[in-house]
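Shown next, in structure tokens, is the structure this report addresses.
We count residues from 1, following the sequence as given. Only this structure's heavy atoms are used, side chains among them; waters, hydrogens and symmetry mates stay out. Since the structure is predicted, the reported quantities are computational estimates derived from the model, not experimental observations.
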Amino acid sequence: MLPAVLRPSSRGSLLLSAPAADEEPETGPVLHSSAMNPLDGSASIRDEGAADGGDSQGAWARFSSWLECVCVVTFDLELGQAMETVFPQHARLTEKEKTSICYLSFPDSYSGCLGDTQFSFRFRQSVGRREARDLVYNRNAPMTLQRETAYFFGYVYFRQVKDVSVRRGYFQKSLVLVSRLPYMHLFYSLLQIIAPEFFEKLEPCLETVCNEINQWPESTPGLTLNLPVMGVVLQVRIPSKTDKPGGSPVHQPASETVLPAPMLLPTLHEPDLFRCFQSVLIHLQMLWELTLLGEPLVVMAASPSVCSETVLALISAVSPLKFCCDFRPYFTVHDSEFREYTTRTQAPPNVVLGVTNPFFIKTFQNWPHIIRLGEMKMAGDLPKQLKLKKLSKLKTLDTKPGIYTAYKTFLHKDKILIKRLLKGIQRKRPSEVQSAILRRHLLELTQSFIIPLERYMAGLMPLQRSVTPFKTPPQIRPFSQEEFLSTLDHTGPQLTSLLRGDWMGLYRKFFRSPNFDGWYRQRHREMMEKLESLHLEVICDADLLGWTRDKSEVEIIDLILKLREKLIGARRQQLQIKDGVLQKLESFIDSVVGSLPEDLQTVLH
């Protein structure tokens, strides 16, 4: 989580104003608007041929470390939801991206969100791009907090209030922060500061804010940063890959106010888990398994705030494992992937969707797992727990809240945890404390599941002594599912978890999920890079000059070309190598090239 510490200022409270309990205005969303390559493109803020495009992007480099752009979406009586402003002015979004932002930035007409509402969404980039700094950041950040390269996040502050001066009778506008960073808490806090001011002063205020953000230091894992904006200083710590999951929070002076409690966990986000899950506590084990296995899941709620926070809570439930399936905190019928996700000619995709439109109840009748939520309230009494229901009952638009699924869990419920949380509700234990208990439980459960896999994967790595200077590095042994399963009796989750059940069956199904594929690819890539680093270090320690004395020119040139290729690859991948290794190999190459005949030196140079 990225805890934001607000230093005292003359500004008022940053709490959101509660939506007014009033009649529901019509907000019919009518809009009329015209495999990732990591080396494709180098610009984050895209300039379509502007003469000073390069200079503009360089001037906004710090801003683009945090945000792609800031958008203002308004409701036009003729066009519907329309893009009013994009900052910085040189930032370029494709028409498809603008359309996605416009549709996703307004609650649909069924939500009836009066007052101020905050929620988030996620949508595909038209073209996947990656900058060199993305590689540096992602290498040092936890997997769950890495920059997206194929998607954008949108963080929305939507205001809808009565306004007699408007023909429609309502003022409707959204301020949207578009970013590739999953810093939900930071950007929500930022919106709480700038949105109320923006709705009063409009564009001049927004331009000032963008210039202030452009003075921020770059987002760097492991550092605590002070981020000033509009007279307030947001103090955030960017988690690092080396942070311990569930580590101790950073202690701040007593005079500072923390929003919310600073729990430094390397998770994708820090929603209020207890608030999201309090009505499904008795089914928590099932929801954890569904998320772990990447099962198709729909969350239906009354507002985009509830559905988006619940989707992000589900994704967070399997931290520190990265959720490698697609997920959309808020999804509408106008989304460009609507047909892809609702076709009945094939099985539902591995995606978690958050929706509010009752139309989806009929559309998703063939989906295997659907959560229909009621109003999210923090009651002092025991909440009414949602019941499991048969999918055949998901027919009418007035479907009652419940979990519609035929899924049978592999593991037994943790009755002790459920009793502890329910007792906490009776005793009116603060939600923050309940969430901390819940997050600790889910973290330990996920770690119990992942540690045996990590241990087995480490055993596939060749021994360091088998890496020699003049041979290609040895291969990593292939992952054998059956061999892994045979180790569970002695190294399985039952050693660290009190939960009992069919762990082996859970692993077998996990092997068929995108989450396993993503985890395995990441670990295999890290092991390959480690082998390459070890190989370079061994080569550096070898007597290369002695090896060249009795070799032909062809063999020497072949060695030079291979070493150059390794050096280029090491710099491109930014391998973690001992200091001085690359410089020493470069010096060796220069020395050997200098000892060759002049015609060969010319060719090699």
Looking at [Y], is its backbone amide N or carbonyl O close enough to the side chain of [X] to form a donor-acceptor pair, meaning the two atoms are under 3.5 Å apart?
| X | Y | value |
| --- | --- | --- |
| Asn515 | Cys324 | yes |
| Ser179 | Trp66 | yes |
| Thr356 | Pro304 | no |
| Asn350 | Leu293 | no |
| Asn140 | Ser240 | no |

Checklist line | Glu340 atom CD, over 12 foreign heavy atoms within 6.0 Å | finding: yes
Next item on the list: Decide side chain to side chain donor-acceptor pair (under 3.5 Å) for Ser435 and Asp272; before the verdict, give the C-alpha distance in whole Å, the side-chain angles of both, and the deciding distance to 0.1 Å.
Entry: CA-CA 6 Å; Ser435 284; Asp272 188 330; 2.6 Å; yes
Tell me whether the rings of [X] and [Y] are parallel (<30°), tilted (30 to 60°) or perpendicular (>60°).
| X | Y | result |
| --- | --- | --- |
| Phe187 | Tyr183 | parallel |
| Phe331 | Phe338 | parallel |
| His334 | Tyr103 | parallel |
| Phe360 | Phe364 | parallel |
| Phe119 | Tyr330 | perpendicular |

Margin query: List the residues meeting salt bridge (charged side-chain N to carboxylate O under 4.0 Å, His left out) with Asp326, not counting sequence neighbours, and say none if there are none.
Written below: Arg122, Arg328
Checklist line | salt bridge (charged side-chain N to carboxylate O under 4.0 Å, His left out) involving Lys322 - partner list, sequence neighbours excluded | finding: none
Item checked: Close side-chain approach of Leu186 and Ser189, heavy atoms under 4.5 Å -> no
Next item on the list: Could you tell me whether the side chains of Gln125 and Glu148 share a donor-acceptor contact shorter than 3.5 Å?
Entry: no
Item checked: Residue pair Ser316 / Arg439, side-chain donor-acceptor N/O under 3.5 Å -> yes
Next item on the list: Check side chain to side chain donor-acceptor pair (under 3.5 Å) between Asp517 and all other residues, then give those that pass, not counting sequence neighbours.
Entry: Arg521
Note to self: One pair to check against side chain to side chain donor-acceptor pair (under 3.5 Å): Ser174 and Ser105. What are the steps and the verdict?
What the structure shows: CA-CA 6 Å; Ser174 284; Ser105 296; 5.3 Å; no
